[in-house]
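Nothing here was measured: the structure is a model prediction, and the numbers come from that model.
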Amino acid sequence: MMKTLIKPLLLASVVALGVTQPAKAVDQDDLIAVLQDYMEMAAFGDGVITADQLKAMMNEQEVFIIDARQEQDYNQSHIPGAVNIDWRFVLSELDQIPDDKMIVLYCDTGILSSKAHMALRLIGYDQARVLFNGYSSWSE
């Protein structure tokens with residue numbers, strides 16, 4: 001991805017996550033255009049993986065798994081090999097997240113991890129996926 005797009009995409013992802021304060025520093029029309037471009041190119045179901053698909057992949061290839069729940073939930077139980085990065089801090093912890101392998105994010109239901117997923121996708125992590133129905137689907 002071109003470096004010139006990183007700042008607008010990062011700001012767009014912040015706005016998409018519901019933080020409206022930084023939008024004052026950037027033209028709102030530019031942010032809307034970036035988000036619209038992303039949403040038009042994203043296919044329905046793009047970036048989603050099921051628990052069965054993840055289990056099969058874990059046997060075949062290296063997958064970086066992010067448990068996006070709070071630390072106490074992670075400590076109670078988590079997918080083997082998962083790293084705990086609260087969904088709200090995914091962008092501030094980019095140094096922990098590889099850009100050369102599949103990344104799977106999950107929370108309890110998939111709602112909060114999908115926010116972190118969208119932020120990662122907007123800044124160029126094309127191999128990021130969110131676990132459909134979250135940890136509850138894994139533990140069934």
Side-chain angles (χ1 to χ4, degrees):
M1 173 174 289
M2 296 174 10
K3 279 191 166 191
T4 56
L5 290 178
I6 295 296
K7 185 175 179 183
L9 290 176
L10 184 57
L11 289 170
S13 63
V14 169
V15 171
L17 294 173
V19 181
T20 57
Q21 232 16 41
K24 293 180 180 178
V26 186
D27 181 48
Q28 185 177 14
D29 290 337
D30 290 342
L31 290 175
I32 291 171
V34 168
L35 285 169
Q36 187 62 46
D37 287 347
Y38 170 78
M39 293 174 80
E40 286 176 8
M41 73 171 195
F44 181 77
D46 187 33
V48 175
I49 188 169
T50 67
D52 289 339
Q53 290 171 325
L54 177 57
K55 288 174 185 177
M57 264 187 189
M58 289 172 68
N59 295 328
E60 297 173 11
Q61 69 184 46
E62 191 174 354
V63 180
F64 188 80
I65 303 171
I66 299 173
D67 184 320
R69 302 175 300 162
Q70 294 182 0
E71 186 177 8
Q72 65 266 24
D73 296 323
Y74 173 82
N75 289 338
Q76 237 176 4
S77 64
H78 57 270
I79 295 174
V83 173
N84 183 225
I85 304 174
D86 185 302
W87 70 274
R88 294 169 289 196
F89 304 114
V90 167
L91 294 176
S92 63
E93 299 295 331
L94 288 175
D95 58 330
Q96 292 187 54
I97 303 171
D99 59 5
D100 61 346
K101 61 180 76 166
M102 173 155 319
I103 299 162
V104 176
L105 299 101
Y106 71 91
C107 60
D108 286 322
T109 62
I111 293 171
L112 297 177
S113 56
S114 61
K115 292 180 180 189
H117 165 259
M118 182 175 182
L120 288 176
R121 293 292 298 260
L122 282 168
I123 63 168
Y125 283 80
D126 295 332
Q127 294 189 65
R129 304 287 183 267
V130 68
L131 181 60
F132 185 72
N133 287 329
Y135 188 70
S136 59
S137 70
W138 177 269
S139 57
E140 287 178 351

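Hydrophobic cluster membership differs between Y74 and I79, with clusters built from Ile, Leu, Val, Met, Phe, Trp and Tyr side chains linked at under 4.5 angstrom. I85 and L94 fall within a single hydrophobic cluster, where Ile, Leu, Val, Met, Phe, Trp and Tyr side chains are chained together by heavy-atom contacts under 4.5 Å. Put simply, L91 and V83 are part of the same group of oily side chains (I, L, V, M, F, W, Y) that touch within less than 4.5 Å, one to the next.
The closest donor-acceptor contact from the side chain of Y106 to the backbone of S137 lies at 3.5 Å or more, if one exists at all. Formation of a donor-acceptor pair under 3.5 Å by the H117 side chain with backbone atoms of S113 is not found in this model. Between the side chain of N84 and the backbone N or O of R69, at least one donor-acceptor pair lies under 3.5 Å.
The minimum heavy-atom distance linking A116 with W87 is given by the pair CB-O, 3.8 Å. When every heavy atom of L131 is checked against every heavy atom of A51, the shortest pair comes out as CD1-N, 3.6 Å. The two residues V130 and G110 make their nearest non-hydrogen contact at CG2-O, 4.1 Å. When all heavy atoms are compared, the tightest approach of Q53 to V48 is OE1-O, 4.4 Å.
Counted within 6.0 Å of CZ on F132, heavy atoms from surrounding residues, nucleotides or ligands total 12 or fewer; the atom is thus considered open. Counted within 6.0 Å of CD on E71, heavy atoms from surrounding residues, nucleotides or ligands total 12 or fewer; the atom is thus considered open.
Separating the CD1 atom in I123 from the CG atom in D99 is a distance of 10.0 Å, to the nearest 0.5 Å. The CE atom of M118 sits 11.0 Å away from atom NZ of K115, with the distance rounded to the nearest 0.5 Å. T50 contributes atom OG1, which lies 9.5 Å from atom NZ of K55 (distance to the nearest 0.5 angstrom). Distance check, rounded to the nearest 0.5 Å: CE of M102 to CE of M57 gives 3.5 Å.
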Report task. Would you sort out whether I103 and Q127 count as a side chain to side chain contact (heavy atoms under 4.5 Å, CB included), showing the intermediate values? Result -> CA-CA 6 Å; I103 299 162; Q127 294 189 65; 5.8 Å; no

Requested in this report: Run the numbers on N133 and E140 for side chain to side chain contact (heavy atoms under 4.5 Å, CB included), then give the verdict.
Outcome: CA-CA 11 Å; N133 287 329; E140 287 178 351; over 6 Å; no

Query - E93 vs I66, side chain to side chain contact (heavy atoms under 4.5 Å, CB included): CA-CA, chis, key distance, verdict - result: CA-CA 11 Å; E93 299 295 331; I66 299 173; over 6 Å; no

Report task. Please report the C-alpha distance between M58 and I65 in whole Å, then the side-chain angles of each, then the deciding distance to 0.1 Å, and finally whether the side chain to side chain contact (heavy atoms under 4.5 Å, CB included) criterion is met. Result -> CA-CA 10 Å; M58 289 172 68; I65 303 171; 3.8 Å; yes

Report task. Begin from the C-alpha positions of Y135 and S77 and carry the test side-chain hydrogen bond (donor to acceptor under 3.5 Å, both in side chains) through to its verdict. Result -> CA-CA 9 Å; Y135 188 70; S77 64; 3.2 Å; yes

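Side-chain atoms of V63 and R129, non-hydrogen and from C-beta on, never get closer than 4.5 Å to each other.
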